[in-house]
Protein chains: 2
Amino acid sequence: MSRRETTKLETRQLILEAARKLFHTKGPEQCTMRDIAREAGVSPASVVVHFKNKTALLEVALYEDIEKAIAGAVATMPQDACLHDRLMHIAQCMYGFYDNDRELYRVLIRDTTFEKAGQNPYLTKQLEDYLQFFGAMIEQEKLLGTVRFDADARIAASSLFSLYFSVLMEFLRNPNMPLNMALEWLAASAHQHLTGILTSKEGKGK
Amino acid sequence: MSRRETTKLETRQLILEAARKLFHTKGPEQCTMRDIAREAGVSPASVVVHFKNKTALLEVALYEDIEKAIAGAVATMPQDACLHDRLMHIAQCMYGFYDNDRELYRVLIRDTTFEKAGQNPYLTKQLEDYLQFFGAMIEQEKLLGTVRFDADARIAASSLFSLYFSVLMEFLRNPNMPLNMALEWLAASAHQHLTGILTSKEGKGK
DNA sequence: TTTTATTATTAAACACGTTCAACAACAAAA
DNA sequence: TTTTGTTGTTGAACGTGTTTAATAATAAAA
C-alpha cells in the first residue's frame with residue numbers, strides 16, 4: 001500500500017473516531033460537520049470527501065456496533081426455546097442496545113431506512129442478512145412440526161420484522177416509554193402473528 | 001374578527017396554496033422556502049412565522065388530502081366482505097392515492113412519523129382515529145364470530161397497521177415497484193396475521 | 001385625538017451541509 | 001533527475017432552513 005493510500009486511510013479513521021465520539025456525546029443533530037472536522041483535525045471538506053454526506057458518515061460510524069449487538073443477540077439465543085421466545089430474546093437484546101442512546105438511533109434509522117432505496121448499503125445488507133436468518137429459523141420450525149408447511153417463511157420473517165420495527169420506532173420516539181412496555185407490546189403482536197386471530201373455521205377456510 | 005386577524009389568515013392561505021402547488025410540481029426537497037415565499041408573495045421569514053418550519057408546512061399542506069383519501073376508502077368499503085378483504089380495500093385505495101406522488105409522500109412520512117413524538121399533531125390524530133376505527137371493526141368481527149374473543153383488538157389493529165405501513169414504505173422507497181406487488185405482499189402478510197403460522201397444537205397451546 | 005401597546009411582516013444575518021477551484025504532496029514517465 | 005500526471009486536502013464560497021432585530025400597521029388606552 002502506497003504512502004498516499006495509508007495516509008488517506010488514516011484520516012478516514014481520524015474522522016470516524018471523531019464522529020463516533022461526538023455523535024454519542026453531543027447527539028447527531030447537535031454536532032456539526034465542522035465540529036467533527038475540528039475534532040479530527042481535518043477540514044470540513046475532507047469529511048465530505050471521505051463520506052459523501054453526514055448521513056453516510058452516521059451509518060458507517062454506527063453500523064459496526066449494531067452488527068455486534070445482533071451477533072451477541074444471536075449467540076446468546078436459547079436454542080431449546082420456542083420460536084416466540086427466541087424472537088423475543090433477540091428483540092430484548094436489540095431494544096436494550098438501542099436504549100443506550102435512543103435519540104442517536106432514532107436519527108440514524110430515520111435518515112437511513114426512509115431514504116430512497118440504494119443508499120445505506122451497510123444497513124441494507126444487515127437487514128437482508130437478518131431477514132434471511134429469520135426465514136431460515138422459521139423454515140426449520142416447519143421441519144420440527146411447529147410451523148405449518150403452507151406458511152410462507154419469507155413473508156413471516158418480514159412481517160415479524162415489521163412488527164419489531166414499528167414497536168422499535170415507537171420506543172425510540174418516546175423517551176419516556178419503558179423498555180418493558182415496548183417488549184410486552186411486541187410480545188403481544190408477535191404472538192398474535194404466530195397464532196392468528198380468526199376463529200378456527202374462518203382460519204382454516206382460507 | 002379584526003382586520004389584523006383576517007389579513008393574517010389570508011397570508012396563511014396564500015402560503016398554503018403556494019406550498020401545495022410547489023410541493024407537487026417541484027417536489028418537496030427541490031422547492032425551497034424562498035420559492036414558496038416568492039410564489040405566495042411574502043417574505044421567507046413570514047412562512048416560518050406561520051408554520052414554524054418546513055416539515056410542519058408540509059404536514060399542514062398535505063394532511064387534508066390524505067384525510068379525504070381515507071374517508072373515500074372507508075366510504076367505498078364493501079360492507080359484506082370479510083375482514084381481510086375490507087382491510088385490503090382500504091390499503092388499495094391508500095396505496096393508489098400515495099402512488100400519485102410517491103416521492104412527495106415518502107418525504108412527508110419520513111419527516112413526520114420519525115420525529116420525536118408530539119410533533120405532527122395532524123397526522124398523529126389521523127393515525128389515532130384510523131387505529132380506533134380498525135379496532136372497532138375487529139371488535140365487531142368478534143360478535144360475528146369470525147374473530148376469536150381472546151384476541152386483543154387494539155394489538156391486532158396496530159399490528160395490521162404496522163404491516164400496512166412497512167409495505168407502504170417499501171413501496172414509496174422503490175419507484176419501480178408496481179402497485180400490485182405491494183398489494184400482494186401486504187395481502188400475504190395480513191392473511192398470515194389473521195390466520196397465524198403455527199400448527200394447531202402449538203397455536204392452541206398458548 | 002393623542003399616546004401607548006401589540007403584532008404581522010420583513011430585511012438582514014446566521015448556522016449548517018455541501019460544493020468547487022486551487023493547491024500541494026506524491027507517483028509515474030521521460 | 002526532470003517532467004508530467006494523479007490525487008488527497010482545503011479555504012472560500014454557495015444554497016438552504018431558520019433566527020433576530022427592526023419596522024410599520026393596527027388596536028387599545030389616555
Side-chain angles (χ1 to χ4, degrees), chain A residues 1-19 22-23 25-61 103-104 107-108 110-112 114-116 119-120, chain B residues 1-19 22-23 26-62 103-104 107-108 110-112 114-116 119-120:
Chain A
M1 196 163 57
S2 74
R3 172 133 170 60
R4 270 244 196 87
E5 285 167 318
T6 55
T7 56
K8 185 178 181 182
L9 266 183
E10 277 167 16
T11 57
R12 190 188 143 97
Q13 278 310 112
L14 284 177
I15 294 169
L16 263 183
E17 284 161 27
L22 294 187
F23 281 149
T25 55
K26 298 185 65 172
E29 317 217 66
Q30 277 64 44
C31 94
T32 71
M33 294 289 266
R34 287 170 175 82
D35 290 337
I36 296 171
R38 193 176 328 112
E39 175 81 24
V42 300
S43 77
S46 200
V47 178
V48 180
V49 167
H50 280 269
F51 291 98
K52 187 174 101 198
N53 56 44
K54 194 179 180 181
T55 297
L57 174 56
L58 194 63
E59 188 197 9
V60 177
E103 179 62 10
L104 177 60
V107 172
L108 171 69
R110 180 196 62 193
D111 289 350
T112 54
F114 270 48
E115 270 335 282
K116 281 222 204 68
Q119 325 283 87
N120 342 115
Chain B
M1 195 164 58
S2 74
R3 171 133 171 64
R4 262 238 271 272
E5 284 167 319
T6 56
T7 56
K8 185 177 182 182
L9 266 183
E10 277 167 16
T11 57
R12 190 189 144 96
Q13 278 309 113
L14 284 177
I15 295 170
L16 263 183
E17 283 161 28
L22 294 187
F23 281 148
K26 298 185 66 172
E29 317 217 64
Q30 278 64 45
C31 94
T32 71
M33 295 289 265
R34 285 169 176 81
D35 289 338
I36 295 171
R38 194 177 324 113
E39 175 81 23
V42 300
S43 78
S46 200
V47 178
V48 180
V49 167
H50 280 269
F51 292 98
K52 186 174 100 195
N53 57 43
K54 195 179 181 181
T55 297
L57 174 56
L58 193 64
E59 188 197 9
V60 177
L62 298 182
E103 179 63 9
L104 177 61
V107 172
L108 171 70
R110 180 196 61 191
D111 290 350
T112 54
F114 270 49
E115 270 335 283
K116 279 222 203 69
Q119 325 283 87
N120 342 116

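On a predicted model such as this, the values are computed, not experimentally measured, just so you know. Quick note: numbers below take in every heavy atom, side chains included, and nothing from hydrogens, waters or symmetry partners. Chain A is the first sequence line, chain B the second, and so forth, proteins listed ahead of strands; every chain is numbered from 1.
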Please tell me if the side chains of A:Glu17 and A:Gln13 come closer than 4.5 Å, counting only heavy atoms from C-beta onward. yes

For atom CG of B:Asn53 and atom P of D:dT19, their distance in whole Å: 8 Å

Write down the distance between CG (A:Leu58) and P (C:dC16), rounded to a whole number of angstrom. 17 Å

Which of C:dA11, D:dG17, D:dT10 is nearest the side chain of B:Ser43? It is C:dA11

When you check the phosphate oxygens OP1 and OP2 of D:dT10, does a side-chain N or O of A:Ser46 lie under 4.0 Å from one of them? yes

Nearest-Å distance, CG (A:Leu14) to P (D:dT9)? 10 Å

Identify which nucleotide among D:dT10, C:dT18, C:dT10 has an atom closest to any side-chain atom of A:Val42, counting heavy atoms from C-beta outward. D:dT10

So for A:Arg4 and C:dC26, does any side-chain atom that can act as donor or acceptor lie under 3.5 Å from a complementary atom in the base? yes

When the distance from CD of B:Glu10 to P of D:dT26 is rounded to whole Å, what number comes out? 12 Å

In short, A:Lys26 meets A:Cys31 closest at the heavy-atom pair CB-CB, 3.9 Å

Picking from D:dA13, C:dT19, D:dT18, the nucleotide nearest the side-chain atoms of A:Arg34 would be D:dA13

Interatomic distance, A:Arg110 atom CZ to B:Asp111 atom CG [nearest 0.5 angstrom]: 7.5 Å

Shortest side-chain distance from B:Met33, nucleotide among D:dG17, C:dG17, C:dT10: D:dG17

Starting at CD of B:Gln30 and ending at P of D:dG15, how long is that distance when rounded to a whole Å? 16 Å

Among C:dC26, D:dT19, D:dG8, the nucleotide that comes nearest once only the side chain of A:Lys8 is considered: D:dG8

Between A:Asp35 and A:Gln30, the two heavy atoms sitting closest are OD2-O, 4.0 Å

From C:dT10, C:dT9, C:dT19, pick the nucleotide closest to the side chain of B:Thr11? C:dT9

Closest of D:dG17, C:dA27, C:dC20 to the B:Thr32 side chain is D:dG17

How close or far is atom C1' of D:dT18 from atom NZ of B:Lys54, stated in whole angstroms? 12 Å

If you take all heavy atoms of B:Ile15 and B:Val42, which pair is closest and at what distance? CG1-CG2, 4.0 Å

For B:Ile15 and C:dA8, what is the distance between atoms CD1 and C1' respectively, to the nearest whole Å? 11 Å

